[in-house]
2 protein chains.
Amino acid sequence: MTSHIEQLCIEKGLKMTDQRRVVARVLSEATDHPDVEQVHIRAMQIDPNISIATVYRSLRLLEEASIIERLDFGDGRARFEEACERHHHHLIDIQTGEVIEFMNDEIEELKKKIAHDLNYRLIGHRLELYGIKRRPEPEES
Amino acid sequence: MTSHIEQLCIEKGLKMTDQRRVVARVLSEATDHPDVEQVHIRAMQIDPNISIATVYRSLRLLEEASIIERLDFGDGRARFEEACERHHHHLIDIQTGEVIEFMNDEIEELKKKIAHDLNYRLIGHRLELYGIKRRPEPEES
DNA sequence: CTAGATGCAAAGAATTTGCGGCCCC
DNA sequence: GGGGCCGCAAATTCTTTGCATCTAG
């Protein structure tokens, strides 16, 4: 009944309304990285009257509470996923749009080191890879 | 007289008009990463009649010819810089907006390796760091 | 009753596009 | 004199907001 994200909202003391619960549930159940329109469509399957404005407002609320993360894959639309303790990044298949998550400690360390060497303290960062699936028989090393 | 970017355009056989020359020159002379409005303002200082639509069209032309690169620092506006052989990334000072370019071979290698391990061929990628300047007396390691 | 949440439609912001006019080969 | 380019303004797309209404405490 209570989605994971709704649980996090309650713990953070956010006032939960029916609509916010729906958005929380949609994002909890998502295994992809839906954009606002997709969240709205899925939300309407639960509550057909929910408006896009409320979806935007709910997403902003969840983002500001650090419960979800806003992603940007460079196509002009915001996408969302549940915030994760374990920091990860995305590889986007430019042919299918499929998004593969990955994490890599070496990169995390490198980023911190680079910022440090430039005399900066790292606050945020963003890494996306764009690629195409390799054929089973590799054509290049 | 002839800016570096204009030279590249000529080599690629692009038809150059007065307006395109102005945009090319603005970008050649830029040491920052201007957005479209900034390019337009600078262009108007050379040719007060150039329109924003032409700036957009010229930037697209240059981008499609791989002469300039479109950047996205997550604030909803596109920024541009001259394309560079030497691949580099950006560290954005979130207090001042200043952008510091850096490059790092280890990261380049890691990215290729990660994509390869996921059975992908890397086509593009994007890395931005967001940070704040450290005080002279470090408060954290 | 009051504060805050929602829906709707209008407003914004960044970017693209339709179109008449102009320029150049 | 025809194709391409330009400027202008309208159109698009994504997102935010003003406002009247509704709702829960």
Side-chain angles (χ1 to χ4, degrees), chain A residues 5-6 9-10 12-27 32-65 67-81 97, chain B residues 5-6 9-10 12-27 32-65 67-81 97:
Chain A
I5 288 182
E6 181 184 348
C9 292
I10 293 166
K12 297 225 177 191
L14 296 185
K15 177 173 176 183
M16 292 310 281
T17 62
D18 289 347
Q19 290 89 335
R20 290 177 186 176
R21 249 183 291 274
V22 170
V23 171
R25 181 175 147 196
V26 165
L27 284 166
D32 53 352
H33 306 79
D35 62 24
V36 178
E37 188 185 350
Q38 290 170 318
V39 173
H40 185 215
I41 289 170
R42 296 176 199 180
M44 283 194 296
Q45 288 166 2
I46 303 171
D47 170 4
N49 292 321
I50 193 169
S51 77
I52 188 85
T54 296
V55 172
Y56 271 105
R57 283 190 274 237
S58 300
L59 289 171
R60 172 168 293 270
L61 192 78
L62 294 178
E63 185 199 357
E64 284 172 352
I67 292 170
I68 64 174
E69 274 179 21
R70 176 183 301 262
L71 308 175
D72 171 9
F73 294 159
D75 58 359
R77 284 169 294 171
R79 291 156 189 279
F80 296 87
E81 68 176 9
Chain B
I5 288 181
E6 181 184 348
C9 292
I10 293 167
K12 297 226 177 189
L14 295 184
K15 176 171 176 185
M16 293 308 283
T17 64
D18 289 347
Q19 289 87 339
R20 289 177 188 176
R21 248 182 291 276
V22 169
V23 172
R25 179 173 148 198
V26 165
L27 285 167
D32 53 351
H33 306 79
D35 62 23
V36 179
E37 188 185 348
Q38 288 169 318
V39 173
H40 185 215
I41 289 171
R42 295 175 200 180
M44 283 195 296
Q45 288 166 1
I46 303 173
D47 170 3
N49 293 319
I50 193 168
S51 77
I52 188 87
T54 295
V55 172
Y56 270 105
R57 284 191 273 237
S58 301
L59 289 171
R60 173 170 292 271
L61 193 76
L62 295 178
E63 186 199 358
E64 284 171 353
I67 293 171
I68 64 173
E69 273 179 20
R70 177 184 299 262
L71 308 175
D72 172 8
F73 294 160
D75 57 359
R77 285 169 293 170
R79 291 156 190 277
F80 297 88
E81 69 176 8

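Every heavy atom of this structure was used, including side-chain atoms; hydrogens, water molecules and symmetry mates were not. A note on names: the letters A, B, ... follow the listed sequences, proteins ahead of strands, and every chain is numbered from 1. Remember, predicted model here, so these are calculated numbers, not experimental data.
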query: Given atom CD of A/Glu37 and atom C1' of D/dT15, what is their separation to the nearest angstrom?
result: 13 Å

- request: Considering non-hydrogen atoms only, spot the tightest contact between B/Leu27 and B/Pro34 and give its length.
  value: CD2-CG, 4.2 Å

task: Starting from P on D/dC14, measure out to CG on A/Asp75 and report it in whole angstrom.
output: 9 Å

query: Is it true that B/Asp32 and B/Arg42 have a side-chain N and a carboxylate O under 4.0 angstrom from each other?
result: yes

- prompt: Rounded to whole angstroms, how far apart are CG on B/Asp18 and P on D/dC5?
  reply: 13 Å

- request: Starting at atom CZ of B/Arg60, determine the distance to atom P of D/dC5, rounded to an integer number of angstrom.
  value: 15 Å

- prompt: Taking OP1 and OP2 of C/dC23, is either one under 4.0 Å from a side-chain nitrogen or oxygen of B/Thr17?
  reply: no

Closest listed nucleotide, where the reference is the side chain of A/Arg20 and the choices are C/dT6, D/dT15, C/dA14: C/dT6

- prompt: Tell me: CZ of B/Arg21 to C1' of D/dC6, nearest whole Å?
  reply: 15 Å

- prompt: Under 3.5 Å, side chain of A/Thr54 to main-chain N/O of A/Ile50, donor-acceptor pair present?
  reply: no

field: A/Arg70 side chain vs A/Ala78 backbone, donor-acceptor pair below 3.5 Å
entry: no

message: Between C1' on D/dT16 and CD on A/Glu63, what's the gap in Å once rounded to a whole number?
response: 14 Å

- prompt: Quick one: does A/Gln38's side chain have a donor or acceptor within less than 3.5 Å of a partner on A/Asp35's backbone?
  reply: yes

task: State, to 0.1 Å, how close A/Glu6 and A/Ala24 come at their nearest heavy-atom pair, and which atoms those are.
output: N-CB, 3.9 Å

message: Using whole Å, what does the distance between atom C1' of nucleotide D/dT23 and atom CE of A/Met16 come to?
response: 17 Å

task: Have a look at B/Gln19 and say if it touches a base, only the backbone sugar-phosphate, or nothing, with a 4.0 Å heavy-atom cut-off.
output: sugar-phosphate

field: Separation of atom CZ in A/Arg70 from atom P in D/dC14, rounded to whole Å
entry: 14 Å

- request: Flag yes if more than 12 heavy atoms outside A/Arg21 fall under 6.0 Å of its CZ atom; otherwise flag no.
  value: yes

Contact list for DNA chain D against residues 38-59 of chain A - heavy-atom distance below 4.0 Å: A/Ala53, A/Tyr56, A/Arg57

